[in-house]
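Accompanying notes for the structure given below.
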Protein chains: 2
Amino acid sequence: MPKQAARPKPVIAEPAVVKNGGATLASEAYQRLREDIINAVLVPGSKLRVQELCTRYGMGQSPIREALNRLVRDGLASLSDHKGFSVTSLSRAHLESLTKTRCWVNEIALRESMLNGDSAWEEGVVLAYHRLTRNPRRASAQPGGVRVDGTYNSSGEQAHRAFHTSLISACGSPWLIDLCEQLFDAADRYRHLARATSSRTARPRGDEHKLLVDAVVARDVDRAVAVLKKHFSRTHELARGQLSDDPA
Amino acid sequence: MPKQAARPKPVIAEPAVVKNGGATLASEAYQRLREDIINAVLVPGSKLRVQELCTRYGMGQSPIREALNRLVRDGLASLSDHKGFSVTSLSRAHLESLTKTRCWVNEIALRESMLNGDSAWEEGVVLAYHRLTRNPRRASAQPGGVRVDGTYNSSGEQAHRAFHTSLISACGSPWLIDLCEQLFDAADRYRHLARATSSRTARPRGDEHKLLVDAVVARDVDRAVAVLKKHFSRTHELARGQLSDDPA
DNA sequence: GACTTTCAAATAATCGACAAAAATGAATTA
DNA sequence: TAATTCATTTTTGTCGATTATTTGAAAGTC
């Protein structure tokens, strides 16, 4: 069937109205739920009722349910058979365990990374730091702590994560990087918790990141590790105050 | 409305016909799929078609789909939006990364555990070892390598896992223990792969476990760590031969 | 002959409704 | 008052069917 003339090959077909970036609803729900839990929009320990979430995110039960199942394995949500999902609760004991583990695992990752990292890696770290300083962070959390619904991961948050990942990116093991990112996510929840309440404790923390970069470019492994651990410990202390001893 | 006589409070009510252990279909599917992937019944890299799995496990799409979503976050299955699920494939590079990470992370865990562990912990290790030797393992894999469908995790496999967990159980961080278990699962896939093909390479490995226990009760940290790393390396070598360089 | 385009079959994703279990709360009893 | 029972209601878990997307093969074009 001959089509008329020489329709000039629709370059890419401009996919009409692309709802999302080609992602599925379930993936979108996963991302948004993940953000909302990490950013403490959904409060730790609270129940995650499926129908509520359906109206909140404007989709059916199936995608929500799939997203929740993924979150369970991230440790962000908990599931009890026949009793449903809830936001994994935070506690001092949990934080304690988390911080210790972060120190242990990240020390290895950073040491290996500094051992193997070439100049390209080093430049990646410097670049990531630059981006971190350019983006003000806390873009999502207004002074009053109010957050506009529907706000996604601020670029500042992403820059922070990217910086920490860049540090260990040359460790030579994707597995190790993955573990560190899991730990980072978990820690982020505590960071946001601390920020939400005491907003005047705002960071003289740009400094800490600078110290890290300095140690890295100086190739002083021990100093870098020490600074990193100190960094973790500060986050720990900030969040600690907001928590009771008993989980929930 | 008076009920007759003094019905002696139905002790626990004997729940008629409990299909499963009170678990949901989704949880059952999750467990079975997990086993089947770890035990290499489902071959690495192959597609996981939902309908196939429905007939295989005798349930609807919903529970299967939920189970698959959980597996994704375990790293056992992979999901590409709109293209569905598949069994995460194995490769030399992946194994390499995994083994390195196991050595690093388990070293920390074991060191800490031996530092903190009291005699109760020590007894736990000895007990776990005893159970390991009592259960022949490979109960699920017949000499011919054939596996009866529907077979669940053999008690031998469980004993092996329990032994390794007992070693690090006193490390003082649930997070770290969890990470080690993730790594253990991933490694188990390679172990089964190796076993499936070369069944005569069967273990003089009870020995390695014995050496571990000896080092632990002797409280010789460095020796224990060395043995553990060697143990990991051997698994690595066994599986390595079965793999091509290119993943899939 | 190699490369598109088209179309049909297969598969994935989502919806809406139903069934099963747990939480809620008022009425009853000790 | 405190505890127990039972019916009501909410919420979870599952199914079947519908819609959207990809895959693969046949037809067409340069």
Side-chain angles (χ1 to χ4, degrees), chain A residues 1-13 15-33 46-72 77-87, chain B residues 1-13 15-33 46-72 77-87:
Chain A
M1 182 262 280
K3 65 182 177 222
Q4 76 281 38
R7 181 148 48 94
K9 180 188 262 187
V11 189
I12 252 300
V17 178
V18 171
K19 324 179 159 197
N20 207 356
T24 70
L25 284 181
S27 293
E28 186 191 327
Y30 171 66
Q31 279 198 316
R32 294 183 65 179
L33 272 165
S46 65
K47 287 224 64 178
L48 290 166
R49 266 172 289 267
V50 177
Q51 297 202 2
E52 264 180 36
L53 298 175
C54 286
T55 64
R56 188 181 219 277
Y57 297 114
M59 55 184 73
Q61 306 168 1
S62 312
I64 293 289
R65 207 148 230 287
E66 289 200 22
L68 287 172
N69 275 292
R70 295 183 209 176
L71 287 167
V72 167
S78 309
L79 167 62
S80 181
D81 276 351
H82 291 290
K83 301 216 290 182
F85 300 88
S86 57
V87 183
Chain B
M1 183 261 279
K3 63 182 183 224
Q4 77 280 37
R7 180 147 49 94
K9 182 186 264 186
V11 187
I12 254 301
V17 178
V18 171
K19 322 179 159 195
N20 206 353
T24 69
L25 284 181
S27 293
E28 187 191 325
Y30 171 66
Q31 280 198 315
R32 294 183 66 179
L33 273 165
S46 65
K47 287 224 63 179
L48 289 167
R49 266 172 290 267
V50 178
Q51 297 202 3
E52 264 181 35
L53 298 175
C54 286
T55 62
R56 188 180 219 277
Y57 298 114
M59 55 184 75
Q61 305 168 2
S62 312
I64 293 290
R65 205 149 233 286
E66 290 201 19
L68 288 172
N69 275 291
R70 296 183 208 176
L71 287 166
V72 167
S78 309
L79 167 61
S80 182
D81 276 351
H82 292 290
K83 302 216 291 181
F85 300 88
S86 58
V87 183

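Reminder, nothing fancy here: chain letters follow the sequence lines and each chain counts from 1.
- Residue contacts for A:Ile64: at a heavy-atom cut-off of 4.0 Å it reaches no nucleic acid atom on any strand shown.
- Not one side-chain nitrogen or oxygen of A:Lys47 sits closer than 4.0 Å to the OP1 or OP2 atom of D:dT11.
- Take the nearest nucleotide of DNA chain C for A:Asp81 and for A:Ser62: the residue whose nucleotide is more 5' is A:Ser62.
- OP1 or OP2 of C:dA12 has not a single side-chain nitrogen or oxygen of B:Arg65 nearer than 4.0 Å.
- The distance from atom CD of A:Glu28 to atom P of C:dA13 is 15 Å, rounded to the nearest whole Å.
- Judged by atom type and distance alone, B:Gln61 does not reach the base of C:dA12 through any side-chain donor-acceptor pair under 3.5 Å.
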In residues 63-72 of chain B, what donor-acceptor pairs under 3.5 Å come from side-chain atoms, sequence neighbours left out?
unit_1	atom_1	unit_2	atom_2	d
B:Arg65	NH1	A:Glu66	OE1	3.1
B:Arg65	NH1	A:Glu66	OE2	2.6
B:Glu66	OE1	A:Arg65	NH1	3.2
B:Glu66	OE1	A:Asn69	ND2	2.9
B:Glu66	OE2	A:Arg65	NH1	2.6
B:Asn69	OD1	A:Arg70	NE	2.7
B:Asn69	OD1	A:Arg70	NH2	3.2
B:Asn69	ND2	A:Glu66	OE1	2.9
B:Asn69	ND2	B:Arg65	O	2.9
B:Arg70	NE	A:Asn69	OD1	2.7
B:Arg70	NH2	A:Asn69	OD1	3.2

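- Regarding A:Leu53, its CG atom lies at a distance of 12 Å from the C1' atom of D:dT11, rounded to whole Å.
- Summarising the geometry, atom OG belonging to A:Ser62 is positioned 10.0 Å from atom CG belonging to A:Leu25; distances are rounded to the nearest 0.5 Å.
- Nearest to the side-chain atoms of B:Ala26 among the listed nucleotides D:dT22, D:dT14, C:dC15 stands D:dT14.
- Atom CG in B:Leu68 sits roughly 14 Å away from atom P in C:dT14 (whole-Å rounding).
- To the nearest angstrom, P of D:dG13 lies 13 Å from CD of A:Gln51.
- The nearest whole Å value for the distance from the CZ atom in A:Arg49 to the C1' atom in C:dA23 is 11 Å.
- Note: CZ (B:Phe85) to P (C:dA10) measures 22 Å, nearest angstrom.
- Nearest heavy atom pair, residue B:Leu48 against residue B:Ser86, reads CD1-C, 3.7 Å.
- Nucleotide C:dT14 holds its C1' atom 7 Å from the CG atom of A:Leu25, rounded to whole Å.
- Look at B:Arg32 and B:Glu28 and you find a salt bridge, because one of the NZ, NE, NH1 or NH2 atoms lies within 4.0 Å of a carboxylate O, short of that distance.
- The listed nucleotides are D:dC15, C:dA12, C:dC15; the one nearest the side chain of B:Val50 is C:dA12.
- For B:His82, taking side-chain heavy atoms from C-beta onward, the closest of the listed nucleotides D:dT21, C:dT14, D:dT14 is D:dT21.
- Per the geometry, NZ belonging to A:Lys83 stands 13 Å off C1' belonging to D:dT11, to the nearest Å.
- Environment of NZ in A:Lys47: crowded, with over 12 heavy atoms of neighbouring residues, nucleotides or ligands closer than 6.0 Å.
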